[in-house]
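Okay, structure first, notes after.
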Amino acid sequence: MYKIKQKPEDFVVKEISNVEISKEVGDNASFKYLYFKMKKRNKNTLDVVKEISRVLRIKEKQIGFAGSKDKYAVTEQTISITGVGKERVERLRNDNWSLEFLGGGTIPISLGDLEGNYFEIVIRDLDKEQTENVKPISFIENYYDEQRFSQNNVAIGKNIVK
């Protein structure tokens with residue numbers, strides 16, 4: 001019997017952002033929003049946003065993101081932060097997440113501000129029959145419904161993989 005998500009590294013999600021980011025930095029760059037690549041492991045997006053807002057002493061709504069990423073995974077996504085300086089954000093440290101400065105801009109990141117997601121999924125314990133006709137999948141339509149499919153996740157996921 002095959003197994004998925006045995007460890008966070010078995011499910012990697014990299015968000016493909018559609019936000020226009022200015023790389024201009026320095027004294028002349030006055031951005032309302034700073035953009036960071038947030039990498040996280042074994043944490044969901046909302047929990048990390050809450051933690052960042054608490055440590056920076058800003059409101060959660062000052063941190064924007066395009067979509068929630070899975071908890072039991074290794075993920076990357078672009079977030080926006082307003083009302084705090086770049087240096088203060090870059091000093092943040094955590095074992096389960098990190099922030100890398102990307103640039104700035106004039107608009108916050110909001111739900112849906114992404115082209116899509118890139119996935120790497122490890123399937124373990126496949127027997128020989130299951131691997132004979134396996135072909136890489138390069139595109140799956142994005143579904144956004146009750147954080148995927150609620151109680152039908154397993155059945156629908158199996159059908160998509162087939």
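In terms of modelled atom types and a separation under 3.5 Å, the side chain of Asp10 and the main chain of Gln6 share a donor-acceptor contact. A donor-acceptor contact shorter than 3.5 Å links the side chain of Glu15 to the backbone of Thr78. Within the 3.5 Å criterion, the main-chain N or O of Asn44 finds no donor-acceptor partner in the side chain of Asp47. Using a distance-only test at 3.5 Å, with no hydrogens or angles considered, a donor-acceptor pair links the side chain of Thr82 to the main chain of Lys32. Remark: the backbone N or O of Ile109 is paired with a side-chain donor or acceptor of Ser80 at under 3.5 angstrom. At distances below 3.5 Å, not a single donor-acceptor pair connects side-chain atoms of Glu20 with backbone N or O atoms of Gly105. Checked by atom type and distance alone, the side chain of Lys40 pairs as donor or acceptor with a backbone atom of Asp70 at under 3.5 Å.
If you chain together hydrophobic residues whose side chains sit under 4.5 Å apart, Val48 and Leu111 fall into the same group. When the side chains of ILVMFWY residues are joined at heavy-atom separations under 4.5 Å, either directly or via intervening members, Leu92 and Leu46 end up in a single hydrophobic cluster.
Taking CD1 of Ile81 as the start and CZ of Phe36 as the end, the distance is 5.0 Å to the nearest 0.5 Å. Atoms CD1 and OG1, on Ile63 and Thr45 in that order, are 11.5 Å from each other to the nearest 0.5 Å. For the atom pair Ile21 CD1 and Phe31 CZ, the distance stands at 10.0 Å (nearest 0.5 Å).
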task: Walk me through it: do Ser53 and Gln62 pass the test side chain to side chain donor-acceptor pair (under 3.5 Å)?
output: CA-CA 8 Å; Ser53 72; Gln62 289 176 255; over 6 Å; no
message: I'd like to know whether Ile79 forms a side chain to side chain contact (heavy atoms under 4.5 Å, CB included) with Tyr35, so could you lay out the CA-CA distance, the side-chain angles of the two residues, the decisive distance to 0.1 Å, and finally the verdict.
response: CA-CA 6 Å; Ile79 65 169; Tyr35 302 126; over 6 Å; no
message: I'd like to know whether Leu99 forms a side chain to side chain contact (heavy atoms under 4.5 Å, CB included) with Ile52, so could you lay out the CA-CA distance, the side-chain angles of the two residues, the decisive distance to 0.1 Å, and finally the verdict.
response: CA-CA 10 Å; Leu99 298 173; Ile52 292 168; 3.9 Å; yes
- request: Begin from the C-alpha positions of Glu60 and Arg54 and carry the test salt bridge (charged side-chain N to carboxylate O under 4.0 Å, His left out) through to its verdict.
  value: CA-CA 8 Å; Glu60 289 174 32; Arg54 181 183 51 79; over 6 Å; no
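Aromatic pair Phe119/Phe11: ring centres closer than 6.0 Å.
Around the CD1 atom of Ile4, the shell of radius 6.0 Å holds no more than 12 heavy atoms that belong to other residues, nucleotides or ligands.
Salt bridge status for Glu76 with Lys69: absent, with no side-chain N to carboxylate O gap under 4.0 Å. The residues Lys3 and Asp125 are annotated as salt-bridged, a charged nitrogen and a carboxylate oxygen being separated by less than 4.0 angstrom.
Seen from the ring of Phe101, Lys86 counts as a face-on cation partner, given the 6.0 Å and 45° thresholds.
There is no side-chain donor-acceptor pair under 3.5 Å between Asn94 and Lys43.
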